[in-house]
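Below is one structure, written out as structure tokens; the observations come after it.
Start at 1 with the first residue, then count along the sequence. Just so you know, these numbers come straight off a predicted model, no measurement behind them.
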Amino acid sequence: MPLALLALAIGAFGIGTTEFVIMGLLPEVAADFGVTVPTAGLLVTGYALGVVAGAPVMTVLGTKVSRKRMLMLLMGLFIAGNLLSAAAPVFGLMLTGRIVASLAHGAFFGIGSVVAAGLVAPRKRAGAIALMFTGLTVANVVGVPLGTFIGQNAGWRTTFVVVAGLGVLGLLGVARLVPDMPKPEGVRLRHELAAFRNAQVLLAMAMTVLGFGGVFAAVTYVAPMMTEVAGFADSSVTWLLVLFGLGMVAGNLVGGRFADRALMPMLYLSLGGLTLVLALFTVTVHHKATAALTLALIGALGFATVPPLQKRVLDHAHGAPTLASAVNIGAFNLGNALAAWLGGLVIAAGLGYTAPNWVGALLAGSALLLAFLSAALQRRDEARAAQAAQEPRPATPEPVHL
């Protein structure tokens with residue numbers, strides 16, 4: 001694997017840290033600004049919606065410059081947003097900072113996925129994408145727990161200053177390691193949008209929204225769930241997030257390995273397992289050991305879906321992968337926003353901190369049904385194509401000469 005993938009993983013590490021670290025700090029942020037935990041959850045929803053909106057816009061703007069320069073500009077935007085969040089005197093300004101940082105997220109992973117896939121042979125593309133996303137998953141083993149620990153002991157604002165520093169490292173990594181790449185030539189918005197007429201691309205994105213939304217329904221409120229229901233101390237949230245992150249790393253690598261061999265079976269297994277585990281979480285969360293084990297399984301099964309879904313979008317977005325890839329990253333975050341909002345609704349309705357787990361199970365189960373539908377449509381299309389190829393073509397009549 002090329003060394004440039006390390007640079008992409010470094011940027012992904014910083015982005016992953018800022019995306020997920022807020023979940024471990026929701027109680028502290030809520031108390032500081034004098035808002036409820038569900039209201040503080042808007043920092044998750046707002047970030048996710050910013051990714052959804054920013055992914056296509058920033059990707060289209062990125063066609064005007066080289067991919068390397070665009071990746072560097074995106075990291076600069078990420079740094080600015082995190083510094084704004086750290087300095088915010090009121091909740092609304094912190095939310096603004098989260099949205100500014102989020103604008104870099106989708107385009108970085110979208111452009112980065114195309115760059116990663118282009119650096120290796122076709123049979124290794126899912127593995128290359130998974131390696132870049134390893135930065136995102138490792139962030140949940142190192143960056144998020146460390147950021148949570150810092151936030152609980154030195155203040156949550158310090159955490160976001162540190163995250164901005166990670167952005168600086170990501171910027172330097174891209175500048176140093178990613179090779180100079182020419183500006184994409186011949187890219188037309190109409191050509192890129194044509195990929196969205198493909199039913200398989202749309203189905204893959206819908207699976208992304210629902211499947212990863214299932215993960216976030218539970219994980220957004222993991223801090224109050226583990227402390228109020230499972231009975232863990234506040235200080236335990238740090239190592240619980242380490243467990244979740246280890247699960248993500250393992251799931252991401254396994255998903256990338258097997259997506260190159262058996263993509264759809266990998267999706268069936270991961271989405272089916274995720275549905276079951278999320279449903280069981282409503283029971284296992286009442287005991288410390290089973291709660292911790294289930295949290296790790298949610299991370300593993302959730303991120304096992306990432307490489308196959310991203311690769312499926314790239315495979316079916318014929319000749320126009322950049323925008324589709326970035327929009328699929330936005331789809332992950334649309335699922336995050338939807339799940340965080342729905343989870344907040346059921347908590348605010350008085351159903352308890354375990355209620356988001358049922359929301360997550362329903363979302364993941366819906367993604368599994370779409371996976372079966374996607375495979376059925378593909379088999380139908382392949383059968384029609386094979387039948388058309390076997391049908392004899394009418395003979396061309398010989399010209400008549402007078």
Side-chain angles (χ1 to χ4, degrees), residues 20-48 91 140 144-145 148 151-152 156 209-245 247 271 273-302 335-368:
F20 293 108
V21 75
I22 190 64
M23 297 181 299
L25 298 175
L26 279 184
E28 286 76 14
V29 173
D32 192 20
F33 286 118
V35 299
T36 65
V37 169
T39 299
L42 292 175
L43 295 172
V44 178
T45 303
Y47 184 95
F91 181 79
N140 284 271
V144 172
T148 302
Q152 290 176 341
W156 62 265
V209 171
L210 296 171
F212 209 70
V215 175
F216 251 67
V219 176
T220 296
Y221 301 98
V222 67
M225 194 185 306
M226 289 300 195
T227 56
E228 299 294 330
V229 180
F232 285 103
D234 290 344
S235 57
S236 299
V237 174
T238 298
W239 69 262
L240 287 169
L241 290 175
V242 171
L243 280 179
F244 176 70
L271 289 173
L274 182 62
T275 303
L276 179 61
V277 168
L278 284 168
L280 289 175
F281 200 25
T282 58
V283 177
T284 61
V285 75
H286 292 279
H287 304 279
K288 290 183 179 180
T290 54
L293 176 61
T294 308
L295 185 62
L297 287 174
I298 291 172
L301 292 166
N336 299 352
L338 174 66
W341 176 66
L342 291 175
L345 281 183
V346 294
I347 292 174
L351 298 179
Y353 284 121
T354 63
N357 298 328
W358 285 114
V359 173
L362 290 172
L363 291 173
S366 299
L368 178 60

| query | What residues form a side chain to side chain contact (heavy atoms under 4.5 Å, CB included) with Leu345, not counting sequence neighbours? | reply | Trp341, Leu342
Expected list for residues 24-34: side-chain donor-acceptor pairs under 3.5 angstrom, two or more places apart:
from	atom 1	to	atom 2	distance (Å)
Asp32	OD2	Trp156	NE1	2.9

| query | What residues, two or more places apart in sequence or in another chain, satisfy side chain to side chain contact (heavy atoms under 4.5 Å, CB included) together with Ala348? | reply | none
| message | Using the side chain to side chain contact (heavy atoms under 4.5 Å, CB included) criterion, which residues pair with Ala289? Sequence neighbours excluded. | response | none
| request: List in chain and number order the residues that pass side-chain hydrogen bond (donor to acceptor under 3.5 Å, both in side chains) with Thr39, two or more places apart in sequence or in another chain; answer none if no residue qualifies. | output: Thr36
| note | Looking only at heavy atoms, the pair that brings Leu362 and Ser366 closest together is O-OG, 2.9 Å
| Got a sec, which residues hit ring pair (Phe, Tyr, Trp, His ring centres under 6.0 Å) with Tyr353, two or more places apart in sequence or on another chain? | none
| field | Value rounded to 0.5 Å, distance of CG in Leu363 from CG in Leu278 | value | 9.0 Å
| note | Residue set satisfying ring pair (Phe, Tyr, Trp, His ring centres under 6.0 Å) with Tyr221, at least two apart, ordered chain then number -> none
| request: Mind checking the CG-CG spacing from Leu210 to Leu368? Nearest 0.5 Å is all I need. | output: 11.0 Å
| task | May I have all residue pairs that pass salt bridge (Lys or Arg N to Asp or Glu O under 4.0 Å) and include part of residues 279-296, sequence neighbours excluded? | result | none
| Which heavy atom in Leu240 sits nearest to a heavy atom in Leu295, and how many Å separate them? | O-CD2, 3.4 Å
| request: Could you tell me which residues satisfy side chain to side chain contact (heavy atoms under 4.5 Å, CB included) with Thr294, sequence neighbours excluded, listed by chain and number? | output: Val277, Phe281, Thr284, Ile298
